[in-house]
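These notes concern the structure reproduced below.
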Amino acid sequence: MGTLEIYKNDEGIVIEQINEPNNNIKRVFETKQEMLKHLDSLKQTKELDAFELKVSEEFWADVINRLNK
């Protein structure tokens with residue numbers, strides 16, 4: 001199982017897929033809406049099922065609300 005980390009840094013809002021062994025995919029979004037749309041696509045394709053979520057406090061409520069729809 002990999003990890004999906006969601007956080008904000010100097011580049012923007014980041015969704016980083018951390019797979020083993022160290023095969024990372026990093027996507028950067030300018031807005032929260034863009035990030036949430038990407039989460040929707042991961043949810044629809046069932047890709048989220050393969051990841052443990054680690055979400056920064058800043059985005060926790062938005063991510064949980066979106067995934068529970």
Side-chain angles (χ1 to χ4, degrees):
M1 176 179 274
T3 303
L4 191 74
E5 294 186 3
I6 302 173
Y7 57 91
K8 188 173 187 175
N9 66 14
D10 293 339
E11 297 174 87
I13 301 169
V14 178
I15 294 182
E16 186 170 2
Q17 291 177 240
I18 303 170
N19 303 307
E20 297 192 23
N22 273 347
N23 183 19
N24 299 357
I25 299 170
K26 186 175 176 182
R27 292 179 177 88
V28 180
F29 304 92
E30 290 184 22
T31 67
K32 181 170 51 175
Q33 283 307 111
E34 290 174 348
M35 178 268 292
L36 291 172
K37 281 178 69 173
H38 183 70
L39 272 182
D40 286 341
S41 68
L42 291 175
K43 182 180 174 184
Q44 288 175 354
T45 61
K46 306 276 189 221
E47 283 186 63
L48 280 179
D49 296 344
F51 293 97
E52 173 187 345
L53 288 177
K54 290 189 179 180
V55 182
S56 71
E57 203 172 303
E58 180 178 2
F59 301 114
W60 180 255
D62 293 312
V63 169
I64 294 304
N65 287 334
R66 189 61 154 243
L67 295 179
N68 284 330
K69 283 187 176 182

Q. To the nearest 0.5 Å, how far apart are CD1 in I25 and CD1 in I15?
A. 12.0 Å

Q: State the CD-CD distance between E5 and E52, to the nearest 0.5 angstrom.
A: 9.0 Å

Q) Side chains of R66 and D40: closer than 4.5 Å at any heavy-atom pair? A) yes

Q. If you round to the nearest 0.5 Å, how far is CG of L53 from CZ of F59?
A. 14.0 Å

**Q.** Spacing of E47 atom CD and Q17 atom CD [to the nearest 0.5 Å]
**A.** 6.0 Å

Q.
Tell me whether V28 shares a hydrophobic cluster with I6, the cluster being built from Ile, Leu, Val, Met, Phe, Trp, Tyr side chains joined at under 4.5 Å.
A. no

Q: Would you kindly confirm whether Y7 and L36 end up in one hydrophobic cluster when ILVMFWY residues are joined by side chain heavy atoms under 4.5 Å apart?
A: no

Q | Side-chain (N9) to main-chain (G12) donor-acceptor, under 3.5 angstrom | A | yes

Q: Could you tell me whether the side chain of L39 reaches within less than 4.5 Å of the side chain of L4, counting heavy atoms only?
A: yes

(Q) I need the full list of ring pair (Phe, Tyr, Trp, His ring centres under 6.0 Å) pairs touching residues 24-54, with sequence neighbours left out, sorted by first then second residue. (A) F29-H38

(Q) So for atom NZ, which belongs to K43, do other residues, nucleotides or ligands contribute more than 12 heavy atoms lying within a distance under 6.0 Å? (A) yes

Q. Hey, any chance L48 and V14 share a hydrophobic cluster, counting ILVMFWY side chains that come within less than 4.5 Å of each other, even indirectly?
A. no

Q) What do you reckon, is NZ of K26 surrounded by more than 12 foreign heavy atoms closer than 6.0 Å? A) yes

(Q) Working to the nearest 0.5 angstrom, can you tell me the gap between N23 CG and I18 CD1? (A) 11.0 Å

**Q.** E34 side, atom CD; R27 side, atom CZ - distance, nearest 0.5 Å
**A.** 13.5 Å

